[in-house]
Student: 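Dropping a structure here in structure tokens format, bear with me for questions.
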Amino acid sequence: MRTRLLLLLAALGSVPGRVRVAVRLRPRNAEELAADADFADCVELQPELKRLKLRKNNWDSDTYEFDEVLTEFASQKRVYEVVAKPVVESVLDGYNGTVMAYGQTGTGKTFTLGRLGEQDTADRGIMVRSMEDILAEISPETDSVSVSYLQLYMEALQDLLNPANDNIPIVEDPKIGDVSLPRATLVEIRDQQSFVELLRIGETHRIAANTKLNTESSRSHAILMVHVKRSFMGGDNIYSNENGDISHLAKPLKPLVRKSKLVVVDLAGSERIHKSGSEGHMLEEAKSINLSLSALGKCINALAENSAHVPIRDSKLTRLLRDSFGGTARTSLIVTIGPSPRHRGETTSTILFGQRAMKVENMLKIKEEFDYKSLSRRLEVQLDKLIAENERQQKAFEDEVERINIEAENRVSEVERSFADALEKERLKCQMDYMESVKQLEEKLVLNQQQRDFDVFTDSNCIGQAGGSVEVLKLHKILENEAHQKKKLEEEIIILRSQLLQLTFEADQMKRYLDGGGSGNAYTGLDSSMSPFRHPQLKDAVNGQKASIATLFEQVGLQKILALLESDDANVRIHAVKVVANLAAEEANQKKIVEAGGLTSLLVLLRSFEDETVRRVAAGAIANLAMNEANQELIMAEGGISLLSMTAADAEDPQTLRMVAGAIANLCGNDKLRMKLKSEGGIKALLGIVRCGHPDVLSQVARGIANFAKCESRASTQGTNSSRSLLIEDGALPWIVQNANDEAAPIRRHIELALCHLAQHEVNAKDMISGGALWELVRISRDCSREDIRSLARRTLISSPTFRSELRRLRIEY
Ligand code: ADP
Ligand code: MG
């Protein structure tokens with residue numbers, strides 16, 4: 001039960017413990033053997049009873065009990081084991097511990113504590129044996145031991161490891177009451193040999209110092225301080241379960257350090273204090289002899305009597321031992337006595353001192369600290385490991401991404417290659433089929449011709465014959481059929497030719513795309529900024545096709561191609577519209593197409609077909625035709641704007657929207673169409689297209705708006721327009737302002753121009769200010785990368801009174 005209580009208290013950090021006191025009797029020395037030969041010893045020891053009888057006279061004695069009674073035969077080993085070993089063990093467990101020797105000079109204090117035992121190992125004293133046990137117990141990797149060795153004489157603390165260092169101050173931690181000597185030399189001990197050497201050096205310095213001060217070592221205290229620091233992993237919560245067992249809570253262990261200290265004090269000879277006391281000397285005299293020792297006695301008395309005031313602060317020694325004696329440490333006191341009856345007084349006094357000390361209760365406290373340093377070290381190591389691991393994973397991830405990329409690229413190029421091959425094969429096949437068909441048709445044609453010649457010949461032979469008219473009618477019928485057949489075959493030839501042309505064109509595009517890595521457009525025509533579907537890089541490809549198109553014109557005839565636009569066969573229609581779109585890309589063909597009624601057919605396609613491909617290609621063709629001013633008027637006259645608006649409203653594909661926006665944008669550039677465009681919903685249609693958001697589409701919208709604004713400003717300058725901008729009327733301003741600083745350069749450029757044009761007409765100024773366009777104009781005049789637009793914006797701003805007054809109002813310097 002008591003063990004459990006102690007364990008529990010130990011777990012809580014403190015244990016109460018009385019100062020353990022042993023008494024040791026020195027054997028008679030030579031002088032005593034001679035001088036006291038006829039006298040009995042003044043003490044009689046009963047070690048088995050742990051009792052000591054102090055003879056008062058021949059017939060009377062007092063009996064005292066001690067924790068240990070050590071006779072003159074007690075070995076140094078036994079003395080160490082009963083007096084110091086429990087203290088050393090306690091120090092290794094993290095408590096402070098103190099071993100002190102008290103007694104008259106010559107009774108064996110130094111013998112007990114300080115013997116080095118170099119001649120005879122059995123002689124080794126407590127200091128040497130303690131260090132042996134400590135060094136054997138600790139682990140050199142995680143723990144450390146260091147010592148200071150000091151002498152206290154006449155209230156001055158002197159460093160025995162560095163005698164020049166005297167008058168060392170004692171520093172007390174006011175919070176935990178810990179005592180330290182920061183200026184004392186602290187030597188780390190790694191092996192027993194160096195410790196013994198250190199003790200020897202200390203002893204030499206002690207003798208030298210005492211010689212110098214003309215004093216005896218018996219008048220000074222020698223203090224050895226052993227600091228033990230141990231690291232371990234531990235939890236901080238302990239509880240006792242139903243069975244009373246102590247268990248650690250399942251908390252993660254953390255690194256802790258336990259710091260403890262063992263203080264071994266070889267006190268000055270007690271005879272002086274005794275003398276001063278027994279002979280009734282004044283306290284002051286006692287003080288002058290050995291203040292520290294008398295203060296120790298007073299403290300022990302006060303502690304033994306549980307007195308409210310313990311005069312710890314009266315001396316250096318008591319201050320130094322405040323956390324050791326009567327404090328929070330495990331303490332053993334060995335009182336040494338001599339046998340001689342001549343010193344009965346001294347001996348009695350020593351025994352009484354020991355008896356009083358036995359009543360002193362100590363409270364043990366474990367000194368445990370959280371080892372932040374080692375935790376931080378461990379965390380750092382862990383962190384480094386994690387960083388390295390993270391780096392490895394990152395690298396693996398990047399490698400994997402790269403591998404997948406390469407694989408994907410390989411696959412894409414493989415697919416592209418096989419596609420190109422397939423296309424080429426298809427093209428060759430078509431060519432073969434075509435040639436075969438032409439051959440067959442020609443053969444048929446020859447046969448028909450022969451047949452007809454023959455028929456004509458027979459007919460003329462039959463004239464006049466009976467029933468001849470019936471034959472003629474029959475022959476006419478056959479002829480008609482043949483003619484019909486021929487027409488159909490010719491149509492087929494046209495289709496096949498246009499298909500071949502288309503395929504050749506597409507194959508060529510693909511080849512160029514694969515060779516050049518660029519993107520192609522099947523409806524590419526001339527290089528012109530007015531066309532929404534042209535690509536400068538493809539000019540060569542286009543030129544390459546000119547010959548084919550010319551051939552097609554010659555071989556087939558435009559009328560026939562246009563007639564195919566109305567074919568019942570959807571496939572034929574698609575091919576035909578593609579061919580027409582390609583033809584319309586050539587400026588030279590545009591007029592011809594329009595004259596042949598191609599524009600009307602294309603507009604019809606916009607109206608009548610659900611298929612978005614057809615509408616997209618048709619819109620593209622119309623956009624190309626809309627590059628020409630005369631055609632623009634024609635498109636408007638034929639209701640083109642509403643058809644384009646309808647197409648825009650239905651279209652999903654950005655390409656279709658781009659074509660439609662391109663066509664309207666071209667129409668917007670025509671001064672004559674301005675009012676009609678507005679009234680027929682052209683501007684609204686253009687603004688509706690912005691829903692798509694594709695930059696190519698937006699660029700066409702912006703171009704249309706810029707074109708329109710330009711026409712308006714031109715009309716204003718010429719005095720033919722005095723009203724507010726139709727663009728503003730139709731609500732284009734918010735989109736313009738919103739996209740004025742678009743990151744796509746073409747969009748930005750068109751809008752910047754549009755803003756400059758709008759700003760030229762004073763009647764628009766108010767709307768522009770309220771719509772936030774003024775800021776954009778200021779920005780354009782300052783930041784636009786194109787010098788001409790910048791200065792246009794600046795000129796516009798300066799020339800408008802409304803803008804100027806607004807800028808003044810806003811205090812913008814202009
Ligand atoms: P103190 O330090 O108390 O003044 P010392 O330790 O110097 O006394 O002892 C005085 C003398 O007595 C020394 O010569 C020492 O060797 C001897 N002595 C002391 N104790 C014993 C003992 N237990 N056995 C043998 N000799 C002893
Ligand atoms: Mg001594």
Student: May I ask you to decide if Thr802's main-chain N or O and Glu762's side chain share a donor-acceptor pair within less than 3.5 Å?
Tutor: yes

Student: Does Gln718, at its CD atom, have more than 12 non-hydrogen atoms belonging to other residues, nucleotides or ligands within less than 6.0 Å?
Tutor: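 Enclosed.
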
Student: If you look only at pairs with a residue in residues 728-742, which of them pass as a salt bridge (charged side-chain N to carboxylate O under 4.0 Å, His left out), with sequence neighbours excluded?
Tutor: Lys678-Asp730, Lys684-Asp730, Arg724-Glu729

Student: For the CD atom on Glu400, are there more than 12 heavy atoms of other groups (residues, nucleotides or ligands in this structure) within a distance under 6.0 Å?
Tutor: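 Counting neighbours around CD of Glu400, more than 12 heavy atoms of other residues, nucleotides or ligands fall under 6.0 Å, so yes.
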
Student: Show the numbers, then the answer: is there a side chain to side chain donor-acceptor pair (under 3.5 Å) between Gln632 and Asn670?
Tutor: CA-CA 8 Å; Gln632 289 166 355; Asn670 191 319; 2.8 Å; yes

Student: How far does CG of Asn764 sit from OG of Ser725, to the nearest 0.5 angstrom?
Tutor: 5.0 Å

Student: Which distance, rounded to the nearest 0.5 Å, do you find between the CD1 of Ile622 and the CG of Asn631?
Tutor: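 Between atom CD1 of Ile622 and atom CG of Asn631 there are 11.0 Å.
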
Student: Could you check whether atom CH2 of Trp735 has more than 12 heavy atoms from other residues, nucleotides or ligands sitting under 6.0 Å from it?
Tutor: yes

Student: Look at atom CZ of Arg411 and say whether more than 12 heavy atoms of other residues, nucleotides or ligands are closer to it than 6.0 Å.
Tutor: no

Student: Could you give the distance from CG (Leu673) to CD1 (Ile635), rounded to the nearest 0.5 Å?
Tutor: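 Nearest 0.5 Å value for the CG-CD1 distance: 9.0 Å.
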
Student: Answer with yes or no whether the side chains of Arg703 and Asn666 bring together a donor and an acceptor at under 3.5 Å.
Tutor: yes

Student: Using a 3.5 Å distance criterion without hydrogens, assess whether the side chain of Arg607 forms a donor-acceptor pair with backbone atoms of Leu602.
Tutor: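 No; judged by distance alone, with no hydrogens or angles, the pair does not exist.
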
Student: Take Val412 and Glu416, measure what side-chain contact (heavy atoms from CB on, under 4.5 Å) needs, and give me the verdict at the end.
Tutor: CA-CA 6 Å; Val412 166; Glu416 281 176 351; 3.7 Å; yes

Student: Over all heavy atoms of both residues, which pair between Gly662 and Ala623 is shortest? Give the atoms and the distance, please.
Tutor: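 The pair with the smallest heavy-atom distance is C-CB, 4.3 Å.
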
Student: Keeping Gln655 on the side-chain end and Arg616 on the backbone end, is there a donor-acceptor pair under 3.5 Å?
Tutor: no

Student: Got Leu565 and Leu562 here, is their nearest side-chain heavy-atom distance under 4.5 Å?
Tutor: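 Yes; the side chains approach each other to less than 4.5 Å.
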
Student: For Glu652, does the CD atom sit with more than 12 other heavy atoms under 6.0 Å from it, leaving out its own atoms?
Tutor: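 No, CD of Glu652 has 12 or fewer neighbouring heavy atoms, counting only those of other groups under 6.0 Å.
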
Student: Name the one of Thr796, Ile798, Ile789, Leu797 that satisfies side chain to side chain contact (heavy atoms under 4.5 Å, CB included) with Ser781?
Tutor: Leu797

Student: For a side chain to side chain contact (heavy atoms under 4.5 Å, CB included) with Glu776, tell me which candidate from Leu755, Ile751, Ile736 qualifies.
Tutor: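 Going through Leu755, Ile751, Ile736 one by one, the side chain to side chain contact (heavy atoms under 4.5 Å, CB included) with Glu776 is satisfied by Leu755 alone.
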
Student: Any heavy-atom pair between the side chains of Met636 and Leu667 that's under 4.5 Å?
Tutor: yes

Student: Between Trp775 and Leu810, does a side-chain contact (heavy atoms from CB on, under 4.5 Å) hold up when you go through it step by step?
Tutor: CA-CA 11 Å; Trp775 294 111; Leu810 296 171; 3.9 Å; yes

Student: Within the distance-only criterion (no hydrogens, no angle test), does the side chain of Arg790 pair as donor or acceptor with the backbone N or O of Cys784 below 3.5 angstrom?
Tutor: yes

Student: Between Asp650 and Arg615, which heavy-atom pair has the shortest distance, and what is it?
Tutor: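 For Asp650 and Arg615, the tightest heavy-atom pair comes out as CB-NH1, 3.6 Å.
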
Student: Can you find a pair of side-chain heavy atoms, one from Ser722 and one from Val763, that are under 4.5 Å apart?
Tutor: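 Result no, sub-4.5 Å side-chain heavy-atom pair not found.
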
Student: Indicate the atoms forming the closest heavy-atom contact of Asn624 with Ala581, along with that distance.
Tutor: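 That would be ND2-O, 4.1 Å.
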
Student: Answer yes if the side chains of Glu638 and Thr600 hold a donor-acceptor pair under 3.5 Å, and no otherwise.
Tutor: yes

Student: Below 4.5 Å, heavy atoms only, C-beta onward: do Lys672 and Glu629 meet side chain to side chain?
Tutor: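 They are in side-chain contact.
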
Student: Any donor and acceptor pair, going by atom type alone, linking the side chain of Asn707 with main-chain N or O of Ala709 inside 3.5 Å?
Tutor: no

Student: Do the non-hydrogen side-chain atoms of Glu712 and Arg674 ever get within less than 4.5 Å of each other?
Tutor: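 Glu712 vs Arg674: side chains touch.
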
Student: In the structure I gave you, are the side-chain heavy atoms of His694 and Leu657 within less than 4.5 Å of one another anywhere?
Tutor: no

Student: List the atom of Leu774, the atom of Phe803, and the distance in Å for their closest heavy-atom pair.
Tutor: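 Shortest heavy-atom contact: CD1-CD2, 3.6 Å.
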
Student: Applying side chain to side chain donor-acceptor pair (under 3.5 Å), name anything that partners Gln382, two or more places apart in sequence or on another chain.
Tutor: none

Student: Is there a donor-acceptor contact under 3.5 Å linking the side chains of Arg749 and Ser785?
Tutor: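 Looking only at side-chain atoms, Ser785 and Arg749 do form a donor-acceptor pair, the distance falling under 3.5 Å.
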
Student: Rounded to the nearest 0.5 Å, what's the gap from CG on Leu687 to CG on Leu727? Could you check?
Tutor: 7.5 Å

Student: What do the steps show when you test Arg779 against Asn741 for side-chain contact (heavy atoms from CB on, under 4.5 Å), and what is the final call?
Tutor: CA-CA 9 Å; Arg779 180 190 59 75; Asn741 203 9; 3.4 Å; yes

Student: Would you call Glu424-Arg427 a salt bridge at under 4.0 Å N-O?
Tutor: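 Between Arg427 and Glu424 there is a salt bridge, with a charged N closer than 4.0 Å to a carboxylate O.
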
Student: For Met675 and Leu726, what are the C-alpha separation, side-chain angles and deciding distance, and is it a side-chain contact (heavy atoms from CB on, under 4.5 Å)?
Tutor: CA-CA 8 Å; Met675 300 305 287; Leu726 300 178; 3.8 Å; yes

Student: Should Val701 and Asn739 count as side-chain neighbours, where that means a heavy-atom distance under 4.5 Å?
Tutor: no

Student: Please evaluate residues Glu398 and Lys395 with respect to the criterion salt bridge (Lys or Arg N to Asp or Glu O under 4.0 Å), reporting the C-alpha separation (whole Å), side-chain torsions for both, the decisive distance (0.1 Å), and the verdict.
Tutor: CA-CA 5 Å; Glu398 281 166 7; Lys395 176 82 174 66; over 6 Å; no

Student: If only atom types and distance count, is the side chain of Thr720 paired as donor or acceptor with the main-chain N or O of Ala715 below 3.5 Å?
Tutor: yes

Student: Looking at every heavy atom in both Gly704 and Cys668, which two are closest together, and how far apart are they?
Tutor: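 Reported closest heavy-atom pair: O-CB, 3.3 Å.
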
Student: More than 12 heavy atoms of other residues, nucleotides or ligands under 6.0 Å from CD of Glu391: is that the case?
Tutor: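 Atom CD in Glu391 is not crowded, with 12 or fewer foreign heavy atoms closer than 6.0 Å.
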
Student: Please round to the nearest 0.5 Å and tell me the distance separating atom CD of Glu752 and atom CG of Asp783.
Tutor: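 Interatomic distance, Glu752 CD to Asp783 CG, rounded to 0.5 Å: 9.0 Å.
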
Student: Going by heavy atoms in the side chains, are Leu599 and Ile593 under 4.5 Å from each other?
Tutor: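 No, every pair of side-chain atoms sits at 4.5 Å or beyond.
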
Student: For the residue pair Ser642 / Glu680, report whether a side-chain donor-acceptor contact shorter than 3.5 Å exists.
Tutor: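 No.
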
Student: Quick check for you: to the nearest 0.5 Å, what is the distance between Ile780 atom CD1 and Leu792 atom CG?
Tutor: 9.0 Å

Student: Looking at every heavy atom in both Ala596 and Leu558, which two are closest together, and how far apart are they?
Tutor: CB-CD2, 3.8 Å

Student: Under 6.0 Å from the CD atom of Glu595, do we count more than 12 heavy atoms belonging to anything else shown?
Tutor: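 Result for CD/Glu595: enclosed.
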
